[in-house]
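One-based numbering, in listed order, for ligands and for the atoms of each.
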Amino acid sequence: MKVLKFGGTSVGSPERMKKLLDIVNPSERQIVVLSAVSGTTNSLVEISQAYLANDKNKALELIKALKDKYEIFIKELFAKDEFLAKGKDLIDYHFYLLTSFSNDLFTPIEEKVVLAQGELISTTLYHIYLQEIGVKSILLPALEFMKIDEDNEPIVDYITEKLTPLLVSDNNLYITQGYICRNSFGEIDNLRRGGSDYTASLIGAGIKAEEVQIWTDIDGMHNNDPRIVKGTTPISHLSFDEAAELAYFGAKVLHPQSVFPAQRYKIPVRILNTMDPKAFGTLISSESSAETIKSIAAKDGITAIKIQSSRMLLAYGFLRRVFEVFERYKTPIDMITTSEVAVSLTIDDTKYLGEITRDLNDFGMVEVDVNQTIICIVGNLGANTHGGAAKIFDALKDIPLRMISYGGSNHNVSLLIRSEDKVETLRSLHQGLFGVN
Ligand code: ADP
Ligand code: ASP
Ligand code: MG
C-alpha cells in the first residue's frame with residue numbers, strides 16, 4: 001500500500017482538487033492524506049488569535065470571510081445540486097462550529113479544535129466530490145488513530161493498532177486528514193504547522209507502507225531555499241539522515257520530524273510535484289549519492305546561550321549538569337560547541353529561557369543572544385573527504401560566524417549566524433558551493 005500526501009496548494013482550488021485523479025489511481029490500494037486548502041490554516045490561526053484576545057467581532061468577521069471563500073469553492077467543485085447541497089451542509093456545519101466559540105470561554109483546547117477544521121473540511125469535500133463522479137472511497141477519521149503522548153510524541157504502535165482494522169474493506173482508496181491528532185488527554189490536537197507530511201510518514205510507518213509520496217508545489221527537495229536563492233535545483237537522491245537534517249534545519253518542503261518514522265521502518269519517501277507529476281523529484285531512502293555538498297538549509301528563531309566558567313568547565317561532570325538544566329525544562333539543544341573557558345548551546349524553544357538562564361547562573365556567567373539562525377550544509381563530509389570545509393569557509397569569508405559544528409556526523413556542517421545575515425549567507429554559499437547565484 002502507498003501513502004500519498006497532498007499539500008495545501010495541491011488542494012488549493014476546485015480545479016486542483018479535481019486534478020488529483022491524474023495522480024491518484026483509484027484501482028491501486030492507497031491512503032491519500034490531505035492538508036487543508038492553502039491559506040485556511042493561516043486564517044484559522046488568525047481566528048484563534050482574535051478569540052484569544054477576546055476580540056469576538058474580529059473573529060466573526062474573519063470566519064465570515066473564510067466561509068465566503070468556501071461558498072465559492074463548492075460551487076466550482078460540484079456539478080450536481082445534490083452534491084452541492086452536501087457540500088453546503090458540510091460548510092455550514094464547520095462554520096457554525098467556528099462561530100459557536102464566541103459564546104464560550106476560549107482556551108488553548110478550543111484553539112486546537114479551530115485549527116483542526118481545515119483538514120476536516122478538505123478531506124470531506126474531496127470525499128463528496130469522488131462520490132459525485134462515481135469513484136468509491138473511504139474517509140478515515142484521523143482522530144481515531146493518530147495519537148500523541150504527554151511529550152507530544154506520536155505513538156506509532158497505536159496507529160498500527162487502530163488503523164489496520166479500518167483498512168480491511170476491499171475498497172482501494174482511503175482518504176484521511178493530515179496534521180490533526182488526539183493528545184494524551186483525548187483532546188483534539190495537531191502535529192504542528194506543516195504536520196501533514198508527518199501524518200503521511202507516521203501512517204507509512206504504522207502500516208509498513210511500500211512508499212510515502214509527498215506531493216507538493218515544487219519538484220523535490222532543492223539544494224537551497226528557493227524562496228531566497230535564485231537558480232536552486234532539485235536533489236534526486238538523499239539518504240534518510242541527510243533529508244532529516246535538512247528538514248529539521250529549515251527546508252520547509254518537509255515537516256522537521258517527518259523523516260524519522262519512515263527512516264525507522266526503511267520506507268522510501270518521494271517528494272513530487274503536483275504541477276509536474278512526471279518530474280523525478282527527490283527520493284529519500286537508505287542510499288545516498290556521492291556529491292560532496294548536496295544542499296543548504298536555514299533555521300531561524302534560534303537563541304544561543306554561552307556559559308563562561310574557567311573554574312568548572314573542564315571539571316568532571318560539568319557538561320552533564322549543564323544538560324540536566326535543559327532536560328529539566330524539556331528543552332532540546334540543537335548545536336553545541338565548547339572551549340576551555342566556555343560552552344555555547346543553541347535552542348529554538350524559549351518557553352523556559354528565564355528558568356534555564358537562572359539555573360545556569362549557578363555554573364558561571366551566562367550570555368544570551370537572540371535572533372540567530374542555524375545554517376546547515378549537508379553532503380558527504382566525512383573525515384576521509386577533503387576540500388568541502390575549505391569551500392564553505394571561503395564562501396563565508398565576509399560573514400561573522402557565531403558557532404561552527406563540524407564532525408558531529410559525516411554529512412553535516414552547521415553554522416550559527418545572526419539572522420540579519422541569513423540572505424547573504426545563503427546566497428554566498430550557493431555561489432561558492434554550486435557556482436551560481
Ligand atoms: P505543502 O503545502 O505542499 O506542504 P509547503 O509550502 O509546506 O508545501 O512546502 C513547499 C515549499 O517549500 C516550496 O514551495 C518552497 O518554497 C519551500 N522550500 C523551502 N526550502 C525548500 C527546499 N530546500 N526545497 C524545496 N522547497 C523548499
Ligand atoms: N494545514 C496545516 C498547516 O498549514 C498542515 C499542513 O499543511 O501540513 O500547517
Ligand atoms: Mg508543508
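Using modelled atom types and a 3.5 Å distance limit, the side chains of S419 and T373 yield a donor-acceptor pair. A donor-acceptor pair shorter than 3.5 Å can be found between the side chains of D189 and N183. Between the side chains of T41 and Y179, no donor-acceptor pair is found at a separation under 3.5 Å. Counted by atom type alone, N25 and S27 present one or more donor-acceptor pairs between their side chains at under 3.5 Å. Remark: the T232 side chain and the H222 side chain contain an N/O donor-acceptor pair separated by less than 3.5 Å.
Not a single heavy atom of H255 sits closer than 4.0 Å to an atom of ligand 2. A heavy-atom separation below 4.0 Å is not found between H255 and ligand 1. Using a non-hydrogen distance threshold of 4.0 Å, G178 does not register as a contact of ligand 2.
Of all protein heavy atoms, the one lying nearest to atom 24 (N) of ligand 1 is H222 N, 2.8 Å. For atom 8 (O) of ligand 1, the nearest non-hydrogen atom of the protein is T216 OG1, 3.2 Å. For atom 4 (O) of ligand 1, the nearest non-hydrogen atom of the protein is K5 NZ, 3.0 Å. Among all non-hydrogen protein atoms, the one lying nearest atom 27 (C) of ligand 1 is P226 CD, 3.5 Å. At the top of the distance list for atom 12 (O) of ligand 1, counting protein heavy atoms only, stands V253 N, 3.5 Å. What sits closest to atom 7 (O) of ligand 2 on the protein, heavy atoms only, is S35 OG, 3.2 Å. The shortest contact between atom 3 (C) of ligand 2 and any protein heavy atom is with R193 NE, 3.3 Å. In this structure, atom 2 (O) of ligand 1 lies nearest to the protein heavy atom G8 N, 3.1 Å.
Each of the following atoms of ligand 2 lies closer than 4.0 Å to a heavy atom of T41: 1 (N), 2 (C), 3 (C), 4 (O). Within the listing of ligand 1, atoms 13 (C), 25 (C), 26 (N) sit less than 4.0 angstrom from a heavy atom of I218. Close approach of ligand 2 to E119 is summarised as follows: ligand atoms under 4.0 Å from at least one heavy atom of the residue are 1 (N), 2 (C), 5 (C). Every atom of ligand 1 with a heavy atom of D217 under 4.0 Å away is listed here by number and element: 10 (C), 11 (C), 13 (C), 14 (O). Every atom of ligand 1 is numbered from 1 in the order shown, and the set under 4.0 Å from a heavy atom of R227 is 16 (O), 19 (C). Every atom of ligand 1 is numbered from 1 in the order shown, and the set under 4.0 Å from a heavy atom of G220 is 24 (N), 25 (C). Atoms of ligand 1 lying under 4.0 Å from any heavy atom of M221, numbered from 1 in the order shown and given with element: 23 (N), 24 (N).
Residues R29 and E210 fail the side-chain proximity criterion, which asks for heavy atoms closer than 4.5 Å. Within the 4.5 Å cutoff, no side-chain heavy atoms of I336 are placed close to those of S344.
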Inset, instruction - Would you check, one step at a time, whether the test side-chain hydrogen bond (donor to acceptor under 3.5 Å, both in side chains) holds for D197 with S258? - result: CA-CA 6 Å; D197 303 329; S258 58; 4.9 Å; no
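Looking at K252 next to ligand 1, an N or O pair under 3.5 Å apart turns up. Backbone and side-chain nitrogen or oxygen atoms of A251 are examined, and none is located within less than 3.5 angstrom of a nitrogen or oxygen of ligand 1. Ligand 2 has no nitrogen or oxygen under 3.5 angstrom from a nitrogen or oxygen of K5. Residue-to-ligand polar distances keep G8 apart from ligand 2: every N/O pair is separated by 3.5 Å or more. Checking only distances, Y179 never comes within under 3.5 Å of ligand 2, N or O to N or O.
The line from OH of Y126 to NZ of K18 is 11.5 Å long, rounded to the nearest 0.5 Å. To the nearest 0.5 Å, atom NZ of residue K422 and atom CG of residue N371 are 12.0 Å apart.
Ring planes of F434 and H430: perpendicular class, angle over 60° (limits at 30 and 60°).
Aromatic pair F78/F83: centroids not less than 6.0 angstrom apart.
One finds a salt bridge joining D92 and K67 here, because a Lys/Arg side-chain nitrogen approaches an Asp/Glu carboxylate oxygen to under 4.0 Å. Using a 4.0 Å cut-off between a side-chain N of Lys or Arg and a carboxylate O of Asp or Glu, R418 and D421 qualify as a salt bridge.
Summarising the contacts of atom 8 (O) of ligand 2 with S10, S196, G39, the nearest heavy atom is found in S196.
Remark: R270 is positioned above the aromatic ring of F280, its terminal NZ or CZ atom under 6.0 angstrom from the ring centre and at most 45 degrees off the axis.
Here N224 has backbone heavy atoms under 4.0 Å from ligand 1, and that is the only part of it that gets that close.
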